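Report on one structure; see the data block that follows.
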Amino acid sequence: MPWPSRKRDKGAVADKKEPDAKIAKTENETSDKEEEEMSAKPPAGSSKSGWKNWKKKESESGGEESKITYCHWLLKSEPESRLEKGVDVKFSVDDLKAQPNQTTCWDGVRNYQARNFLRSMKLGQQAFFYHSNCKEPGIVALVKIVKEAYPDHTQFDQKDPHYDSTSRKENPKWSMVDVQFVRMTKRFIPLSEIKAHHLAHKADGGPLKDMMLFSRQRLSIQPLTQEEFDFVLSLEEEKPH
DNA sequence: GCCAACGTTGGC
DNA sequence: GCCAACGTTGGC
């Protein structure tokens with residue numbers, strides 16, 4: 001599994017907590033500045049300016065480069081049991097479907113870049129549910145964001161494998177969103193197949209040429225452009241390879 | 001601020 | 001289970 005250590009317990013209370021979420025938002029706004037720096041590590045092998053441009057692209061809207069607007073996501077989760085500090089972090093799509101409302105909070109993200117993506121997610125946006133660290137890695141389902149970023153309570157829980165002793169209640173470092181199951185993809189879309197398209201597209205300029213699954217392989221929360229999302233989704237109509 | 005050591009992710 | 005590809009930490 002990724003960082004998201006799905007909790008089998010609570011099924012996330014979508015909505016209801018409006019005040020909390022608001023407070024979190026304003027707090028995050030200010031805390032963002034300081035933490036942004038440490039999170040802003042250039043990808044290995046890329047220049048500083050390249051990274052700056054990338055960051056710029058993300059915040060701007062309008063202009064040449066801003067076709068890079070992300071409105072879809074890929075969320076990794078581990079469908080097979082694995083112990084992290086004595087706690088099983090397994091969370092498969094079946095586990096998601098078994099939650100009340102088929103909804104869960106996406107807690108346990110402890111990576112700044114992933115966190116920043118979490119915080120930019122908007123209500124109603126769709127995401128791929130991806131099985132990682134397992135026999136058959138790949139996309140199994142569609143989910144949607146049903147609650148925007150709010151503080152991840154597991155950072156304050158000493159018994160949680162993702163407890164963070166450096167985080168303050170007044171200024172939480174880590175956020176989570178709530179996601180709800182939408183549907184299974186019409187078929188399993190294996191990583192191997194997505195990768196094959198990615199390689200082909202690098203040569204011919206197709207839609208998956210820059211897909212983050214391959215350029216930032218370890219990121220558990222990844223954005224997709226509309227084009228990337230549409231192309232990957234179109235694969236479910238094809239025959240398996 | 002550089003960079004080596006270390007830790008983690010995750011495909012294979 | 002191996003190990004490549006990173007992200008983080010800490011010495012200097």
Side-chain angles (χ1 to χ4, degrees), chain A residues 1-7 31-52 54-55 58 73-93 95-96 106-120 127-141 152 154-155 160-168 172-176 185 188-202 208-224 228 232 235 240-241:
Chain A
M1 124 164 278
W3 296 287
S5 84
R6 246 64 308 261
K7 285 350 228 339
S31 67
D32 249 356
K33 300 290 189 298
E34 13 177 340
E35 283 151 21
E36 206 96 33
E37 300 316 317
M38 47 170 105
S39 67
K41 287 274 199 148
S46 77
S47 71
K48 265 228 168 86
S49 60
W51 179 249
K52 282 215 174 99
W54 184 87
K55 277 180 75 178
E58 224 200 355
W73 310 94
L74 182 146
L75 308 178
K76 297 184 185 176
S77 192
E78 298 187 37
E80 296 173 4
S81 283
R82 186 174 62 82
L83 293 189
E84 210 172 297
K85 296 180 179 152
V87 179
D88 193 353
V89 294
K90 161 188 187 304
F91 193 78
S92 68
V93 69
D95 295 318
L96 173 63
W106 209 263
D107 61 298
V109 172
R110 297 293 182 267
N111 169 283
Y112 285 107
Q113 197 185 4
R115 181 205 67 177
N116 293 342
F117 285 138
L118 270 181
R119 289 181 176 178
S120 66
F128 290 123
F129 191 100
Y130 176 94
H131 278 171
S132 71
N133 202 13
C134 57
K135 289 288 105 45
E136 285 202 295
I139 292 166
V140 293
D152 177 348
T154 66
Q155 68 196 297
D160 192 277
H162 303 111
Y163 171 65
D164 183 352
S165 62
T166 68
S167 185
R168 302 290 125 140
K173 271 189 187 173
W174 306 110
S175 302
M176 63 186 183
T185 48
F188 173 69
I189 305 173
L191 172 64
S192 58
E193 195 177 319
I194 303 170
K195 185 190 262 177
H197 286 291
H198 165 67
L199 289 174
H201 290 182
K202 275 210 302 190
L208 298 193
K209 66 179 187 324
D210 296 323
M211 195 174 181
M212 227 175 263
L213 242 199
F214 308 101
S215 58
R216 320 225 27 146
Q217 72 177 210
R218 291 181 44 180
L219 201 55
S220 69
I221 309 273
Q222 312 198 348
L224 283 82
E228 289 167 343
V232 172
L235 296 178
H241 293 174

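Bear in mind the structure is a predicted one, so any value in this text is a computation, not a measurement. Letters go in sequence order (proteins before strands), and every chain restarts at 1.
- Within the 4.0 angstrom heavy-atom criterion, no nucleotide atom of any strand lies near Lys135(A).
- Going from atom OH of Tyr112(A) over to atom P of dT8(B) covers 16 Å, rounded to whole Å.
- Distance, Glu80(A) CD to dG1(C) P: 14 Å, rounded to whole Å.
- For Tyr130(A) and dG11(B), the shortest distance from a side-chain N or O to OP1 or OP2 is below 4.0 Å.
- The shortest side-chain heavy-atom distance between Ile194(A) and Ile139(A) falls under the 4.5 Å cut-off.
- Residue Arg82(A) has its side chain nearest to dT9(B) when only dT8(C), dG11(B), dT9(B) are considered.
- Residues Trp174(A) and Arg119(A) approach most closely at N-NH2, 4.4 Å, considering heavy atoms.
- Across all non-hydrogen atoms, the minimal contact from Arg115(A) to Ser175(A) is CG-N, 4.1 Å.
- When the C1' atom of dT9(B) is taken as reference, atom CG of Leu75(A) falls 16 Å away, rounded to whole Å.
- Between Ile139(A) atom CD1 and dG11(B) atom P there is a gap of 12 Å when expressed in whole angstrom units.
- Rounded to whole Å, the distance from NE2 on His162(A) to C1' on dG7(B) is 14 Å.
- Ring geometry for His131(A) against Phe129(A) counts as perpendicular: the plane angle is over 60°, on a 0 to 90° scale with 30° as the lower cut.
- The separation between Glu84(A) atom CD and dG7(B) atom P is 15 Å, rounded to whole Å.
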Write down the protein N/O and nucleotide N/O pairs, taken from nucleotides 2-5 of chain C, whose separation is under 3.5 Å; answer none if there are no such pairs.
| from | atom 1 | to | atom 2 | distance (Å) |
| --- | --- | --- | --- | --- |
| dA5(C) | O4' | Gln217(A) | OE1 | 3.4 |
| dA5(C) | N3 | Arg218(A) | NH1 | 3.3 |

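- For dT9(B), neither phosphate oxygen OP1 nor OP2 lies less than 4.0 angstrom from any side-chain nitrogen or oxygen of Lys76(A).
- Partners of Ser165(A) by side chain to side chain contact (heavy atoms under 4.5 Å, CB included), not counting sequence neighbours, listed by chain and number: Tyr163(A).
- Of all the heavy atoms in Arg216(A) and Gln222(A), the pair that sits closest is O-NE2, 3.4 Å.
- Between Gln222(A) atom CD and dG7(C) atom P there is a gap of 11 Å when expressed in whole angstrom units.
- Here Arg82(A) does not pair with Glu80(A) in a salt bridge; the nearest charged N to carboxylate O distance is not below 4.0 Å.
- Taking atom CG on Asn111(A) and atom C1' on dT9(B), their separation rounds to 11 Å, with Å as the unit.
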